[in-house]
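Below, read A as the first sequence line, B as the second, and so on, with proteins coming before strands; counting in each chain starts at 1.
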Amino acid sequence: MTTTVGIPAGWPATEERARAVQDELREKVVLDEPGPPPGTGHVTGVDVAYDDDRDVVAAAAVVLDAATLRVVAEATAVGRVSFPYVPGLLAFREIPTVLAALGALPCPPGTVVCDGYGLAHPRRFGLASHLGVLTGLPTIGVAKNPFTFTYDDPDTPRGSSSPLLAGPDEVGRALRTRDGVKPVFVSVGHRTTLADACAHTLALTPAHRLPETTRRADALCRRALREATGP
DNA sequence: GCGACAG
DNA sequence: ATCTTGTCGC
């Protein structure tokens, strides 16, 4: 079942307002709380696909059993695009539809894995942090690109990592999930530690560079977009 | 001022 | 994110 959502009342309409919201909500992030142990309970991937021409966005949430990586539940939602893509303001584009998809799940999501950043953000409040504060759930961010941050290439073996740096600050880790393949960029969202975020990411990447959660969610939200949009 | 820039 | 064919490799 796919639920339909509109743009939330009071949703920021300007970049200035959106940045102010981030500065306000940032204080509610909980860092360094030991989250659910990696490899146990539920892990949920969320992702979003767009058709900007038709002003349509589709989100998916896929719940996996953390031990077996089998799909336990899934849900989708479609809506109108709520914000343009602006680096640093991605959350305002993705969150309304993602919240609807999460809300449509028949079971608790456990830790939520986001496609993007958490703490590693110009104002230290990326998508994963934002989603965590709004839902109260433990969240982590796993991104495919280093954004504006710097890092040294991790050693070749899977599991190797190096600091992801914003100047002198470590805001995440560049984590190798497959031998010799470009690393992913992991950062803390809400109610987890960086060590746990990396452990979750490794547990979710037995065969591919990207976590099974985001692979499943990516495939599902694309399908939901097709079905909502047609040919 | 110019370029870079999660998805 | 999205536009897009074939191709190399497990």
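With a 4.5 Å cut-off on side-chain heavy atoms, Leu89(A) and Arg123(A) count as touching. Inter-residue side-chain proximity for Val56(A) and Tyr50(A) is flagged as unmet; no heavy-atom pair is nearer than 4.5 Å.
Arg26(A) is linked by a salt bridge (Lys or Arg N to Asp or Glu O under 4.0 Å) to Asp23(A), counting only residues two or more places apart in sequence or in another chain. Residues passing the side chain to side chain contact (heavy atoms under 4.5 Å, CB included) test with Pro163(A) are Leu165(A), Glu170(A), Arg173(A), sequence neighbours excluded.
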Donor-acceptor contacts under 3.5 Å from residues 194-202 of chain A side chains, at least two apart:
residue: His200(A); atom: ND1; partner: Asp196(A); partner atom: O; Å: 3.0
residue: Thr201(A); atom: OG1; partner: Ala197(A); partner atom: O; Å: 2.8

Report, one line per pair, each donor and acceptor closer than 3.5 Å where one atom sits in a side chain of residues 95-115 of chain A; sequence neighbours left out.
residue: Asp115(A); atom: OD1; partner: Lys144(A); partner atom: NZ; Å: 2.9
residue: Asp115(A); atom: OD2; partner: Lys144(A); partner atom: NZ; Å: 3.2

Show every donor-acceptor pair shorter than 3.5 Å between a side-chain atom in residues 69-81 of chain A and any protein atom, with sequence neighbours excluded, or say none if there are none.
residue: Thr76(A); atom: OG1; partner: Thr2(A); partner atom: OG1; Å: 2.5
residue: Arg80(A); atom: NH1; partner: Asp55(A); partner atom: OD2; Å: 3.2

Donor-acceptor pairs are to be reported for all side-chain atoms of residues 124-142 of chain A against protein atoms at under 3.5 Å, with residues two or more places apart or in another chain.
residue: Arg124(A); atom: NH1; partner: His121(A); partner atom: O; Å: 2.6
residue: Ser129(A); atom: OG; partner: Gly118(A); partner atom: O; Å: 3.3
residue: Thr135(A); atom: OG1; partner: Leu131(A); partner atom: O; Å: 2.8
residue: Thr135(A); atom: OG1; partner: Leu137(A); partner atom: N; Å: 3.1
residue: Thr139(A); atom: OG1; partner: Ala128(A); partner atom: O; Å: 2.7
residue: Thr139(A); atom: OG1; partner: His190(A); partner atom: N; Å: 3.0

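A donor-acceptor pair is defined here as one N or O able to donate and one able to accept, closer than 3.5 Å; no such pair exists between the side chain of Arg209(A) and the backbone of Val181(A).
Judged as a salt bridge (charged side-chain N to carboxylate O under 4.0 Å, His left out), not a single pair has a partner in residues 198-207 of chain A (not counting sequence neighbours).
For the strand DNA chain B, secondary-structure stems (runs of at least three Watson-Crick or G-U pairs, all distances below 3.5 Å) are absent.
Atoms CD and OG1, from Glu33(A) and Thr193(A) in turn, are 10.0 Å apart once rounded to the nearest 0.5 Å. Distance CD1/Ile7(A) to CZ/Phe83(A): 10.5 Å, rounded to 0.5 Å.
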Indicate for each nucleotide in nucleotides 4-10 of chain C, in 5' to 3' sequence, whether protein heavy atoms under 4.0 Å reach the base (B), only the sugar-phosphate (S), or nothing (-). -------
With B for base contact, S for sugar-phosphate-only contact and - for none (protein heavy atoms under 4.0 Å), nucleotides 2-7 of chain B reads ---BBB
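In the hydrophobic cluster analysis, where Ile, Leu, Val, Met, Phe, Trp and Tyr join through side-chain heavy atoms closer than 4.5 angstrom, Phe92(A) is grouped apart from Tyr117(A).
Under the 6.0 Å cut-off for aromatic ring centres, Tyr151(A) and Phe185(A) qualify, their centroids lying closer than that.
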Once Watson-Crick and G-U wobble pairs under 3.5 Å are found, how is DNA chain C written in dot-bracket notation, 5' to 3', with | for any base paired to another strand? ..........
Go through the steps to decide whether Arg215(A) and His208(A) satisfy the test side-chain hydrogen bond (donor to acceptor under 3.5 Å, both in side chains), and finish with yes or no. CA-CA 9 Å; Arg215(A) 289 168 48 79; His208(A) 300 278; 3.2 Å; yes
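Annotation: proximity of residues 220-229 of chain A to DNA chain B (heavy atom, distance under 4.0 Å) is found for no residue.
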